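One structure is given below, encoded as structure tokens.
Chain letters run A, B, ... following the sequence lines, proteins first and then strands; every chain starts at 1. Just so we're clear, the structure is a prediction, and the values are computed from it rather than from any experiment.
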There are 2 protein chains.
Amino acid sequence: MEEKKIPYKTYLDESEIPTKWYNVRADMKNKPAPLLNPGTLQPMTAEELYPVFCEELVAQELNNTDAYIDIPEEIQTFYKMYRPSPLIRAYFLEKALDTPAKIYYKFEGNNTSGSHKLNSAIAQAYYAKKQGLKGVTTETGAGQWGTALSMACSYFGLDCKVYMVKVSYEQKPFRREVMRTYGASVTPSPSTSTAVGRKILEDHPGTTGSLGCAISEAVEVATTTEGYRYVLGSVLNQVLLHQSVIGLESKAALDKLGVKPDIIIGCAGGGSNLGGLIAPFMGQKLRGEADYRIIAVEPASCPSFTRGKFAYDFCDTGMVCPLAKMYTLGSGFIPSANHAGGLRYHGMSSTLSQLYHDGLMEATSVEQTSVFEAAEQFARVEGILPAPESSHAIRVAIDEALKCKETGEEKTILFGLTGTGYFDMVAYEKFNDGVMSDYIPTDEDLQKGFDGLPKFPGNV
Amino acid sequence: MEEKKIPYKTYLDESEIPTKWYNVRADMKNKPAPLLNPGTLQPMTAEELYPVFCEELVAQELNNTDAYIDIPEEIQTFYKMYRPSPLIRAYFLEKALDTPAKIYYKFEGNNTSGSHKLNSAIAQAYYAKKQGLKGVTTETGAGQWGTALSMACSYFGLDCKVYMVKVSYEQKPFRREVMRTYGASVTPSPSTSTAVGRKILEDHPGTTGSLGCAISEAVEVATTTEGYRYVLGSVLNQVLLHQSVIGLESKAALDKLGVKPDIIIGCAGGGSNLGGLIAPFMGQKLRGEADYRIIAVEPASCPSFTRGKFAYDFCDTGMVCPLAKMYTLGSGFIPSANHAGGLRYHGMSSTLSQLYHDGLMEATSVEQTSVFEAAEQFARVEGILPAPESSHAIRVAIDEALKCKETGEEKTILFGLTGTGYFDMVAYEKFNDGVMSDYIPTDEDLQKGFDGLPKFPGNV
């Protein structure tokens, strides 16, 4: 009974918080395709990116060679506010499922943003401050990223302007107040405060918004306001780099316990959590040192990995951003308002897209009712009320554990519990009332998005 | 610079979670006065309490002699779901205040109830289950207790009926959904579903409710429904006993760090958190082994310690419960609807009342605008968005730290951060909008409550 020694929660020591981020691109044989200038179709240079992003973050974005990048001391100090996050052995869930599988999850929800987003927010705010900027603009969907950025900006005394996807703004009235408490301004998107917002509203009256729209607005404000830059909470290489602290801590804790996972599961919207969680494990896999089954879980209502095209596409709906090569549903794709919570982005991290394309990871999609069933079961036995996003990973972790029950295999499963659902009670209420429904886009629905993909030789 | 070695967060090992609760009454020379039967004015016997409370809990309620009581293994296992809770050195706050004071706080908010309430909820649910009951009824104010009890009942498969103070039910729409997600039923109080609720509504049409009302309703349902008992989240001796895990863990962590606090601060509504936090320190003080300044902080709008009478009073508005000797504003006292959040109870734990009466602790009251100012400052530097209740303690901790800045004294302050404010955003919104106001009852307001105190020789 070796596992009896494994505690419910494993906290690393503060001195064991990573001092370097791990850059998985350094170990990839096939690097993620570069961002392209939509005008010239040439790779974006650092200089071309400076009007949008801080210089240091541009360097991180373009760095495909350095495996480790130092975490500045100021960021390490901030990390001590809420890190290390616990690695939890899901004894209660295992018992409820009566499975021989051993389930672990890395819980990133123990901070006020309620998610892992703070890991990158503080880094991006730090570099903005270091560059002498006045403030930053961003988009937020479910609200975690906006909250995280508000906290980070408050810490460094930066102004913070958040464009929040309208459907989330309405479903999560209290998220706005958390951001305001940290001093941020919050605008529902699309709004009439930007040219691109006005155009989107004209073309799609009554739209409930999307991350793609909100990004367009935030980028417009950043590039037209002196002393501001744009920051993004997912998708970008730099974000996956910062989020590698999740995986590095997870691996350090598992190594301490003498445990090697067989399956690693994460929810995937733009890829920030999944990319961070799997980073060091994928590194081992790329270097041929170890093998793991890695599963990305996405909503059936926004299935970029499982039903998207691997092509160059705009990162935003307004088509003001560079082109990224990724699994995408088209920058015009807007998920049904029926879909609750985050994981609403039309595309996917270029890094993860390349890894998926190369067969180094799997992807699956799940429907929202089954996601909330998993969420409720998890909440009742493990005590943590999970975010809808995180619950996608819970769904598949439970399914894999139940397969082990069938086969008798004692597999070790690790999943990322990205956050808590305290601001998602409108969605839980629908589920509790039995009026939650599923939505799966038809092939025709998806074709409309694909029709908007940039047309140039070799694309699509 | 010895303190440099002290980490931001100190987590005990799971094996260091207390295995016994500490019963401070055993060390009190002047025991808390016994509960009285309102009919006979004689001390309530165990048999008289059995229709209301589980038998084991009655035994704990009446036990003034055993200093340590074993925590059943099932409860110890559940505690591992979310305990040990961290003891946090407030380095960020100290820096922001530029104070020589050393500030520590015990953070009990890292669980879905968002507070320390789960410590007693799981114990009470366990004993109900052990006694073969079908379910329990309770009241909840701010909602933490109701959520905690829902979680505990879900874990043991017990039915859970919650009467929620109407003003909180309306201010915190999502609290209800969390409780429902854990399978509880939630009724706004006063309601028409009980005789006592109907009477209160008739006497006070349009009332926004109070804990005292909700208790009356929950007790009525428990005592008139087969297989049900009533459970209470504060005030009672048994609750303070269970909550002693907070203080025991705090003291164990401080001892490990080699730190002795000079001042211990806790918010006080019914006394559950304060009584738990101070328990082992008060024990030392009672036994003459150490001295501490201990400060109870209550809202100026519900000032039972600082402006109440030390007298026998009903525990509930409907006057169906036993009489308890305590600092009280009268069981008819209902705090202004202007008052946000919890700490709305008209009375105070008999144990804490006796300790306060004997000069073993201090009490102070603070106004709500200054409480939210402290909450915002704390959130921005320490990252945790605190519950309004907890922020009462933050206010006084900050004030004491600022006094140290004046005097240059390097005092060590410990306060209890009972929970998070994620479900209190209606109140935060008022504060953010600058429309929060303070309310201090006049002497005439209070006199009305005192006029309702039970009249018998020696009382009042």
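Rounded to the nearest 0.5 Å, atoms CG (A:N110) and OG1 (B:T420) are 10.0 Å apart. If you take CE on B:M179 and CE on A:M425, they are separated by 10.0 Å, rounding to the nearest 0.5 Å. The line from CD of B:E382 to OH of A:Y155 is 9.5 Å long, rounded to the nearest 0.5 Å.
With a 4.5 angstrom heavy-atom cutoff, A:N432 touches chain B via backbone and side-chain atoms both. Residue A:S150: no heavy atom, backbone or side chain, is found under 4.5 Å from chain B. With a threshold of 4.5 angstrom between heavy atoms, B:P84 approaches chain A through its backbone and through its side chain.
Classified by interplanar angle (parallel below 30°, tilted 30° to 60°, perpendicular above 60°), the ring pair A:F174/B:F174 is tilted.
Among the candidates B:T77, B:D13, B:I88, B:D424, the residue making the largest number of heavy-atom pairs closer than 4.5 Å to chain A is B:T77. Chain B forms the most heavy-atom pairs under 4.5 Å with one residue out of A:S15, A:G114, A:S154, A:S113, and that residue is A:S154. Looking only at heavy-atom pairs under 4.5 Å with chain B, the residue among A:R180, A:E376, A:R175 that has the most is A:R180.
A donor-acceptor pair under 3.5 Å links the side-chain atoms of B:K9 to the main chain of A:R83, judged by distance alone. Remark: the backbone N or O of B:T181 is paired with a side-chain donor or acceptor of A:R380 at under 3.5 angstrom. Panel note: side chain A:Y182, backbone B:G383; a donor-acceptor pair is recorded below 3.5 Å. For the pair B:E14 (side chain) and A:Y8 (backbone), a donor-acceptor distance under 3.5 Å is present.
Within the 4.5 Å cutoff, the side chain of B:T112 has heavy atoms near those of the A:Y422 side chain.
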Assess whether salt bridge (charged side-chain N to carboxylate O under 4.0 Å, His left out) is satisfied between A:E429 and B:R176, documenting all intermediate values. CA-CA 9 Å; A:E429 183 173 8; B:R176 181 192 65 224; 3.1 Å; yes
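Closest approach of B:F78 and A:F92 over heavy atoms only: CA-CZ, 4.2 Å. Smallest separation of non-hydrogen atoms from A:V381 and B:M81: O-CE, 3.1 Å.
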